[in-house]
Student: 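Got a structure for you, written out below as structure tokens; questions coming shortly.
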Amino acid sequence: MGYEHCKLCPRECGVDRTRGEIGFCGGSDLATVAKTMLHRWEEPALAGNGGSGTIFFGGCNLGCIYCQNRAISGQPVGKPVDAKGLRTMMEELIHQGAENIDLVTPSHYLPTVAQALEQPVGVPVVYNCGGYESVEALKLLEGKVDIYLPDLKYAEEELASRLSGAPDYFLRATEAIREMVRQTGPVQWQGEKVVRGVIVRHLILPGYVENSLKCLDWLGQTFAPGEILVSLMRQYTPLGKLPAPLDRRITEEEYQAVLSWMFLNELEGFTQEAESADESFIPEFLPK
């Protein structure tokens with residue numbers, strides 16, 4: 001599975017990226033890296049004291065209208081690199097003190113990522129993705145990724161279609177999360193740090209509490225307590241002109257309702273303070 005007749009994600013565009021054909025994600029047969037940094041705002045069990053060695057990729061296989069990384073997700077903005085160049089970036093971040101290598105939105109460059117990870121890097125590798133994944137493609141990463149950090153954005157087909165252009169999102173994301181858990185097994189801790197397993201992120205969207213409850217229901221019904229972790233995110237920040245209710249932050253009542261449901265489902269993991277819903281926590285990707 002590669003860039004020729006590309007089927008790396010559920011959209012299965014079928015384009016030949018080695019010949020310059022462009023699919024939904026906009027990617028070529030080189031990985032586009034928008035930014036590398038020591039990221040200290042990831043979950044504490046990942047970032048530790050040194051921060052996550054984060055590599056942000058340009059482009060995306062989703063079209064979320066509220067995306068907080070829209071400066072780089074709408075098109076592949078950044079530096080084209082091959083597997084050797086990507087490996088060098090990883091090693092430089094580790095030299096700077098990174099606690100892990102955190103690959104953000106890497107799905108459409110999976111062959112390059114897999115090649116760069118042929119040899120262990122010496123710290124945990126985190127695959128940080130939107131959840132809209134191909135199980136067949138994920139199998140290329142078996143033994144190369146220590147921690148999967150997928151989103152579970154939607155449980156409702158209509159909402160996934162309207163907000164991200166992916167009506168089959170829930171089906172694909174739940175299949176992918178099962179595959180991720182199969183690869184890593186239950187969450188493993190080393191002191192206060194997670195070193196292996198799956199952490200599922202869920203971003204609460206304003207006005208769509210019911211969708212959040214359904215996502216948590218599936219996680220609670222599918223996995224035993226402690227088998228996975230959940231990162232419940234209240235950081236939604238409206239950017240640009242968005243239709244109601246996406247034009248506001250979530251309320252305290254909305255957050256408490258979803259948080260209570262998380263506990264009712266016996267899900268363990270991480271929560272966020274209200275102060276996280278601020279543009280200052282969004283990395284500056286492009287020069288002003």
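Count residues from 1 along the sequence.
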Student: Would you indicate whether Q190, at its atom CD, is surrounded by more than 12 heavy atoms from other residues, nucleotides or ligands within a distance under 6.0 Å?
Tutor: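 No, the 6.0 Å shell around CD holds no more than 12 heavy atoms from other groups.
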Student: About how many Å separate CG of L267 and CG of L229, when rounded to the nearest 0.5 Å?
Tutor: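 Separation between the atoms: 9.5 Å.
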Student: Determine whether V198 and V200 make a side-chain contact, defined as any pair of heavy atoms from C-beta on separated by less than 4.5 Å.
Tutor: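 Counting from C-beta outward, V198 and V200 do come under 4.5 Å.
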Student: Dump the intermediate steps for side chain to side chain contact (heavy atoms under 4.5 Å, CB included) on I22 and V15, then the final yes or no.
Tutor: CA-CA 6 Å; I22 302 298; V15 299; over 6 Å; no
Student: Give me the atom names and distance for the closest heavy-atom approach of G63 to R11.
Tutor: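 Closest approach of G63 to R11: N-NH2, 4.3 Å.
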Student: Are V230 and V195 co-members of a hydrophobic cluster defined by side-chain heavy atoms under 4.5 Å apart?
Tutor: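 No, no single cluster joins them.
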Student: Side chains of R196 and V187, heavy atoms from C-beta outward: is any pair under 4.5 Å?
Tutor: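 Heavy-atom side-chain distance check fails, nothing below 4.5 Å.
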Student: Determine the minimum heavy-atom distance between F24 and C13, stating which atoms define it.
Tutor: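 Residues F24 and C13, closest heavy atoms: N-SG, 3.4 Å.
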Student: Please report the C-alpha distance between T222 and V181 in whole Å, then the side-chain angles of each, then the deciding distance to 0.1 Å, and finally whether the side chain to side chain contact (heavy atoms under 4.5 Å, CB included) criterion is met.
Tutor: CA-CA 11 Å; T222 305; V181 174; over 6 Å; no
Student: How close do G131 and A176 get, heavy atom to heavy atom, and via which atoms?
Tutor: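 In this case the closest contact between G131 and A176 is O-CB, 4.1 Å.
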Student: Are any of the side-chain nitrogens in R201 or E43 under 4.0 Å away from the carboxylate oxygens of its partner?
Tutor: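 Salt bridge flag = yes for E43 with R201.
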Student: How many angstroms lie between atom CG of N100 and atom OG1 of T54, to the nearest 0.5 angstrom?
Tutor: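 Here the interatomic distance stands at 7.0 Å.
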Student: Quick one, S107 and C129 - any side-chain contact, counting heavy atoms below 4.5 Å?
Tutor: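 Counting from C-beta outward, S107 and C129 do come under 4.5 Å.
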Student: To the nearest 0.5 Å, how far apart are CG in L232 and CG in L203?
Tutor: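 Going from the CG atom of L232 to the CG atom of L203 covers 9.0 Å.
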Student: Decide, yes or no, whether a salt bridge links R248 with E254 under the criterion of side-chain N to carboxylate O below 4.0 Å.
Tutor: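 Counted as a salt bridge, because a side-chain N and a carboxylate O are separated by less than 4.0 Å.
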Student: I need the minimum non-hydrogen distance between D146 and P124, along with the two atoms involved.
Tutor: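 Taking D146 first and P124 second, the nearest heavy atoms are OD2-CA, 3.3 Å.
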Student: Looking at every non-hydrogen atom in both residues, tell me the closest pair between H108 and L8 and how far apart they are.
Tutor: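 Answer, listing the atom of H108 first, then L8: O-CD1, 3.8 Å.
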Student: Roughly how far, to the nearest 0.5 Å, is CD1 of I199 from CE of M180?
Tutor: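 Going from the CE atom of M180 to the CD1 atom of I199 covers 12.0 Å.
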Student: Can you tell if the side chain of V104 reaches within under 4.5 Å of the side chain of I55, non-hydrogen atoms only?
Tutor: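 They are not in contact (no side-chain heavy atoms under 4.5 Å apart), so the answer is no.
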Student: Indicate yes or no for a side-chain donor-acceptor contact from S161 to the backbone of E157 under 3.5 Å, with no hydrogens or angles considered.
Tutor: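 Checked: no pair found.
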Student: For A173, is there any backbone N or O sitting under 3.5 Å from a side-chain donor or acceptor partner on R178?
Tutor: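 No, R178 side chain to A173 backbone: no donor-acceptor pair under 3.5 Å.
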Student: Applying salt bridge (Lys or Arg N to Asp or Glu O under 4.0 Å), which residue pairs with at least one partner in residues 97-110 are found, sequence neighbours left out?
Tutor: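 As it turns out, the salt bridge (Lys or Arg N to Asp or Glu O under 4.0 Å) pairs with a partner in residues 97-110, which skip direct neighbours, are E99-K193.
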Student: With distance as the sole test, does N61 use its side chain to make a donor-acceptor pair with the main-chain N or O of G130 at under 3.5 Å?
Tutor: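 No, because the side chain of N61 does not come within donor-acceptor range (under 3.5 Å) of the backbone of G130.
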Student: Do NZ/NE/NH1/NH2 and the carboxylate oxygens of E252 and R234 come within less than 4.0 Å?
Tutor: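 Looking at E252 and R234, the cut-off is met.
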Student: Following the transitive rule for hydrophobic clusters with a side-chain heavy-atom cut-off under 4.5 Å over Ile, Leu, Val, Met, Phe, Trp and Tyr, establish whether L159 and W261 coincide in one cluster.
Tutor: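 In one cluster with L159: W261, yes.
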Student: Is the shortest heavy-atom distance from the side chain of D29 to the side chain of D16 under 4.5 Å?
Tutor: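 Contact flag for D29/D16 side chains = no.
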Student: The test is side-chain hydrogen bond (donor to acceptor under 3.5 Å, both in side chains); show your working for H202 and S212 and say whether it passes.
Tutor: CA-CA 8 Å; H202 177 73; S212 293; 2.7 Å; yes
Student: Would you mind listing every ring-ring contact (aromatic ring centres under 6.0 Å, His included) that reaches into residues 114-160, with sequence neighbours excluded?
Tutor: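 Residue pairs with at least one partner in residues 114-160: Y127-Y148, Y154-Y169.
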Student: Is the closest basic N to carboxylate O distance between K214 and E156 below 4.0 Å?
Tutor: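 Here K214 pairs with E156 in a salt bridge, since their nearest N and O are under 4.0 Å apart.
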Student: If you measure from the Lys or Arg side-chain nitrogens to the Asp or Glu carboxylate oxygens, is any gap between E91 and R87 under 4.0 Å?
Tutor: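 Yes.
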Student: Just verifying a value: how many Å separate E42 CD and S52 OG, rounded to the nearest 0.5 Å?
Tutor: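 Result: 5.0 Å between the selected atoms.
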Student: Passes salt bridge (charged side-chain N to carboxylate O under 4.0 Å, His left out), R162 versus E158? Steps please.
Tutor: CA-CA 6 Å; R162 177 159 49 87; E158 185 276 333; 2.6 Å; yes
Student: Under a plain distance cut-off of 3.5 Å, with no hydrogens placed, do Y3 and S28 share a side-chain donor-acceptor pair?
Tutor: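 Absent: no donor and acceptor within the cut-off.
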Student: Between T184 and I147, is any pair of side-chain heavy atoms under 4.5 Å apart?
Tutor: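 With C-beta onward as the side chain, the pair stays apart.
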Student: Are the side chains of F57 and T32 in contact, using a 4.5 Å heavy-atom criterion?
Tutor: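 A side-chain contact under 4.5 Å is absent here.
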Student: Between R182 and E142, is the closest basic N to carboxylate O distance under 4.0 Å?
Tutor: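 Yes, charged N to carboxylate O under 4.0 Å.
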Student: Applying side chain to side chain contact (heavy atoms under 4.5 Å, CB included), run through D217 and L219 and close with a yes or a no.
Tutor: CA-CA 5 Å; D217 278 343; L219 292 169; over 6 Å; no
Student: Hey, are D82 and K84 close enough for a salt bridge, meaning a charged N less than 4.0 Å from a carboxylate O?
Tutor: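 No, D82 and K84 are not salt-bridged.
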Student: Are L213 and M233 connected, step by step, through hydrophobic side chains (Ile, Leu, Val, Met, Phe, Trp, Tyr) whose heavy atoms are closer than 4.5 Å?
Tutor: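 Yes: a chain of side-chain contacts under 4.5 Å links L213 to M233.
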Student: Taking a hydrophobic cluster as the set of Ile, Leu, Val, Met, Phe, Trp and Tyr residues connected by side-chain heavy atoms closer than 4.5 Å, whether directly or through intermediates, do V145 and M89 fall within one such cluster?
Tutor: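 As far as the 4.5 Å side-chain criterion goes, M89 and V145 are connected within one cluster.
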Student: If the threshold is 4.0 Å, N to carboxylate O, is there a salt bridge linking K7 and E136?
Tutor: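 Judged by the 4.0 Å cut-off on N to carboxylate O distance, K7 and E136 do not form a salt bridge.
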Student: Is the closest side-chain heavy-atom distance between Y208 and P206 below 4.5 Å?
Tutor: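 Heavy-atom side-chain distance check fails, nothing below 4.5 Å.
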Student: Please say which of S134, P10, C9 ends up in a side chain to side chain contact (heavy atoms under 4.5 Å, CB included) with R172.
Tutor: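 Only one option passes, and that is P10.
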Student: Ignoring hydrogens and angles, tell me if any N or O in the side chain of Y66 forms a donor-acceptor pair with the backbone of S164 under 3.5 Å.
Tutor: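 Absent.
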Student: Linking I/L/V/M/F/W/Y whenever any side-chain heavy atoms sit under 4.5 Å apart, do V135 and L62 land together?
Tutor: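 No; L62 is not reachable from V135 via cluster members.
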Student: Before you tell me yes or no, could you show the steps for E118 and K144 under side chain to side chain contact (heavy atoms under 4.5 Å, CB included), namely the whole-Å CA-CA distance, both residues' side-chain angles and the distance that decides it to 0.1 Å?
Tutor: CA-CA 7 Å; E118 278 299 326; K144 297 179 172 68; 3.5 Å; yes
Student: At what distance, to the nearest 0.5 angstrom, does CG of L138 lie from CD of Q183?
Tutor: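 Separation between the atoms: 6.5 Å.
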Student: For P106 and N128, which heavy atoms make the closest approach, and how far apart are they?
Tutor: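 Where P106 meets N128 most closely, the heavy atoms are CD-O, 3.3 Å.
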